[in-house]
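To start, the structure itself, in structure tokens.
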Amino acid sequence: MKIYNTLTRKKEEFVPIEPGVVKMYVCGPTVYNYIHVGNARPFVVFDTLKRYFQYKGMEVKYVQNFTDIDDKLITQSIEEGVTVKEIAEKYIDEYMTDAKGLNIDEASIIHPKATETMDEIIGFIKDLEDAGYAYAVNGNVYFEVSKVRNYGKLGRKNIEDLVSGARILVNDEKKNPLDFTLWKVKKPGEPAWVSPWGEGRPGWHIECSAMIRSLLGETIDIHAGGSDLEFPHHENEIAQSESLTGKPFANYWMHNAMINTDGIKMSKSKKNFFTVRTVAEEFDLEIVRFFLLSSHYRSPINYSRKIVEQSKAALDRLYKSKYQMQHLMGLELPETDDLAAQVKAEASQFVSRFVDAMEDDMNTADAISVMFEAVKYANTHLSETSSKESVQALYDALMEMGGVLGILYREKENLGLDIQALIDERQAARKNRDFARADEIRDQLKAEGIILEDTPQGVKWRREE
RNA sequence: GGCGCCAUGGCCAAGUGGUAAGGCAGAGGACUGCAAAUCCUUUACCCCCAGUUCGAAUCUGGGUGGCGCCUCCA
């Protein structure tokens, strides 16, 4: 598989450290509020990557942290009038609800929390201090950027440019304006942990380095996150970890592009965000997942209601074909026929092309287009005269592809027996040209929110929206 | 100002040297007691100007426009 590595700005063949095992880390949410669609993108995108690795038979050790101590949590706790811990617990729960709706496979994700990794974080800072990369001033500990060669290698920055940018906050304690905080001294009323430098809490960047070291080791295969984290967050993680171990921190860096609202990056601070929760009030979150995967993860996408509606219509097309094939499988079909061999060959071609797309830096947009081609083929070639073998082959292919992307998992609900009886009665009435009775039944069901459609493939029903 | 990325039909979006995938919307057709839906078919010379090449959306240079980061939004 080819993966675009931000470190080298090239697509590279992915070779895991240990054959058959992928160790990956994704920067998770700061749990001080609901996540928005922009936050959700990396979670969905890299969940899909994980699914694909698993599909290929690889074992994936996948870590995604919760930042549960931070200025924003403190601010939010004051606003809501509860403790920081309660804020964290609340929004972790809310994250889990959204993740479930987005069909993120939480069962195979390890979620460390900063507050539960405190020993490792403090140990990491201590190690940096002992190794001469960190210095303490008045209970604060800073990382000394000038001690690191190649600082800026990920973000393609050089120190002179950054300093001359002069937009960095002046801080008298720092030896160099670029030095960043590893440990913050406690302020009155704030949660704090005991450390060699006094009571305080960890800085912004150290938790990821510490979690990775303790859960995945010194070198991991893939480190992923939003492209906005490239600098300084990921740069600083590299500085922290590589200065300590002298080894590569992550072999592949993957960054998803941003989600925009009217062309501007969706973010809490710009107040142009849509929370996943808000969107869920109107749309099934599977649509959002589909939307997020329908363009390449490294392309910026614009979020709008119109686009979500387009995604809904597109996803519906896939579902209709799925349901139609299920309908056919429920019929008395011959086991096989002359066409079966060809249909099976086509089905495996679709899967093969789907895999090719995924192999190419996870091109989910292209992969989805293969699903639509498979659907068109099924719609065109399958009917009530097809064989079980043919229908099953295309159905399996479609579901296999959908499974990798984490979509197309819903099942059509069963109608109650009494309703099915009404539909049957209406069919009988239509056959006898008793259209008055037929329309009466149709109106009756419509009043119950069930819409009947007489199609060439038989009577179909759907829930009114 | 510095660094990086991007620009494909009404909307969305693949495609990195050989004469433009796919979806939505639109149009036409099929089907149909009606209604609705469904199914099929169908619509582009790829921001502009030079250049390289037998040949470029795809490579190079310039221009225009947009975005991200350099500001603890993560």
Side-chain angles (χ1 to χ4, degrees), chain A residues 6 9 11 27-30 32-33 35-36 38-39 42 67 70-72 152 154-158 160-169 178 180-181 184 203-205 225-236 255 257-258 260 263-273 290-291 294-296 298-302 304 306-318 320-321 324 353 357 360 363-376 378-380 383 429-431 433-436 438-439 442-443 446 451-462:
Chain A
T6 310
R9 313 265 164 177
K11 278 187 198 173
C27 289
T30 298
Y32 72 107
N33 215 319
I35 62 167
H36 63 243
N39 299 136
T67 297
D70 173 275
D71 287 349
K72 293 183 291 294
L154 178 69
R156 298 291 153 106
K157 313 282 186 192
N158 65 67
E160 297 77 55
D161 286 347
L162 289 166
V163 172
S164 68
R167 289 184 170 181
I168 295 157
L169 233 56
L178 293 181
F180 55 89
T181 305
K184 283 186 178 182
W204 184 25
H205 312 291
S227 62
D228 51 351
L229 297 183
E230 222 175 284
F231 193 93
H233 183 56
H234 290 159
E235 193 72 56
N236 291 348
H255 291 98
M258 296 295 96
N260 299 329
I264 304 297
K265 172 183 160 187
M266 188 184 291
S267 69
K268 298 245 168 72
S269 58
K270 294 205 177 68
K271 299 196 166 36
N272 63 347
F273 61 90
F290 179 84
F291 158 70
S294 59
S295 54
H296 187 90
R298 284 189 289 110
S299 301
I301 42 182
N302 215 41
S304 70
K306 179 181 175 185
I307 299 303
V308 179
E309 283 172 348
Q310 287 190 5
S311 296
K312 175 177 160 55
L315 184 60
D316 275 350
R317 181 172 163 83
L318 298 181
K320 275 163 188 159
S321 188
Q324 175 61 12
R353 287 174 52 209
D360 182 16
N363 193 334
T364 52
D366 216 11
I368 285 174
S369 78
V370 175
M371 293 182 73
F372 280 103
E373 289 184 46
V375 159
K376 173 163 285 185
N379 289 341
T380 316
S383 71
R430 290 179 67 211
K431 200 170 179 181
R433 304 194 67 80
D434 180 2
F435 298 122
D439 290 349
R442 184 166 64 192
D443 290 343
K446 185 166 193 302
I451 300 198
L452 296 185
E453 292 157 359
D454 303 321
T455 77
Q457 292 84 34
V459 187
K460 291 192 177 174
W461 64 271
R462 62 187 167 88

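To find a chain, count down the sequence lines: A is the first, B the second, and so on, and within it residues start at 1. We use all heavy atoms of the structure for the numbers below, so side chains are in, but hydrogens, waters and symmetry mates are not. Quick caveat: nothing in here was measured; it's all calculated off a predicted structure.
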Practice task
Classify the side-chain pair His255(A)/His234(A) by whether it contains a donor and acceptor separated by less than 3.5 Å.
Solution key: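 There is such a pair (donor and acceptor under 3.5 Å, judged by atom type) between the side chains of His255(A) and His234(A).
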Close side-chain approach of [X] to [Y], heavy-atom, < 4.5 Å:
| X | Y | result |
| --- | --- | --- |
| Phe291(A) | Glu309(A) | no |
| Thr6(A) | Leu154(A) | yes |
| Arg442(A) | Asp454(A) | yes |

Check this one for me: any side-chain N or O of [X] less than 4.0 Å away from OP1 or OP2 of [N]?
| X | N | value |
| --- | --- | --- |
| Lys265(A) | rC69(B) | yes |
| Ser299(A) | rA14(B) | yes |
| Asn363(A) | rG15(B) | yes |
| Ser227(A) | rG68(B) | no |

What integer number of Å spans the [atom1] atoms of [N] and [M]?
| N | M | atom1 | answer |
| --- | --- | --- | --- |
| rU43(B) | rG9(B) | C1' | 8 Å |
| rU41(B) | rA50(B) | C1' | 42 Å |
| rC49(B) | rC67(B) | C1' | 24 Å |
| rC46(B) | rA56(B) | P | 12 Å |
| rG18(B) | rU58(B) | P | 12 Å |
| rA57(B) | rA35(B) | P | 48 Å |
| rA13(B) | rC6(B) | C1' | 14 Å |
| rG1(B) | rG17(B) | C1' | 37 Å |

Backbone of [Y] reached by a side-chain donor or acceptor of [X] within 3.5 Å:
| X | Y | result |
| --- | --- | --- |
| Thr181(A) | Lys184(A) | no |
| Asn363(A) | Ala357(A) | no |
| Ser304(A) | Ile307(A) | yes |
| Asn272(A) | Lys265(A) | yes |

Does [N] pair with anything, Watson-Crick or G-U wobble, both distances under 3.5 Å, and if so, with which nucleotide?
| N | result |
| --- | --- |
| rU32(B) | none |
| rC73(B) | none |
| rA21(B) | none |
| rA27(B) | rU41(B) |
| rC59(B) | rG51(B) |
| rC5(B) | rG66(B) |

Could you work out which one of [options] sits closest to the side chain of [X]?
| X | options | result |
| --- | --- | --- |
| Arg433(A) | rG33(B), rC11(B), rA36(B) | rG33(B) |
| Phe231(A) | rA14(B), rC69(B), rC34(B) | rC69(B) |
| Arg462(A) | rA37(B), rA35(B), rC11(B) | rA37(B) |
| Pro232(A) | rG15(B), rC70(B), rC40(B) | rC70(B) |
| Ala314(A) | rA14(B), rG23(B), rA35(B) | rG23(B) |
| Asp228(A) | rC73(B), rG4(B), rA35(B) | rC73(B) |
| Ile307(A) | rC72(B), rA35(B), rC11(B) | rC11(B) |
| Lys376(A) | rC73(B), rU41(B), rG15(B) | rU41(B) |
| Arg430(A) | rC34(B), rC67(B), rC40(B) | rC34(B) |
| Lys270(A) | rG33(B), rG68(B), rA21(B) | rG68(B) |

Look at all strands and tell whether [X] reaches a base, only sugar-phosphate, or nothing, counting heavy atoms closer than 4.0 Å.
| X | result |
| --- | --- |
| Gly38(A) | nothing |
| Glu230(A) | nothing |
| Asn379(A) | sugar-phosphate |
| Phe290(A) | nothing |
| Thr380(A) | sugar-phosphate |
| Ile368(A) | nothing |
| His296(A) | sugar-phosphate |
| Gly263(A) | sugar-phosphate |

Exercise for the section: Using heavy atoms to find the nearest nucleotide of RNA chain B for Ile301(A) and Asp439(A) separately, return the residue whose nucleotide is more 5′. Expected result: Ile301(A)
Problem - Earlier contact from the 5' end, RNA chain B, for Ala365(A) and Arg9(A) - result: Arg9(A)
Tell me: [atom1] of [X] to [atom2] of [N], nearest whole Å?
| X | N | atom1 | atom2 | answer |
| --- | --- | --- | --- | --- |
| Phe372(A) | rA14(B) | CZ | C1' | 13 Å |
| Met258(A) | rC6(B) | CE | P | 15 Å |
| Asp316(A) | rC39(B) | CG | P | 10 Å |
| Asn260(A) | rC6(B) | CG | P | 15 Å |
| Arg442(A) | rA36(B) | CZ | P | 9 Å |
| Gln324(A) | rU38(B) | CD | P | 12 Å |
| Arg317(A) | rU38(B) | CZ | P | 10 Å |
| Asn272(A) | rC67(B) | CG | C1' | 13 Å |

Practice task
Grab the two heavy atoms, one from Ala365(A) and one from His296(A), that are nearest each other, plus how far apart they are.
Solution key: CB-N, 4.1 Å
Can you find a donor-acceptor pair, distance only, under 3.5 Å between [X] side chain and [N] base?
| X | N | answer |
| --- | --- | --- |
| Asp454(A) | rC34(B) | yes |
| Gln310(A) | rG23(B) | yes |
| Lys184(A) | rC72(B) | yes |

Exercise for the section: For the residue pair Phe372(A) and Phe290(A), categorise the inter-ring angle as parallel (less than 30°), tilted (30 to 60°) or perpendicular (more than 60°). Expected result: perpendicular
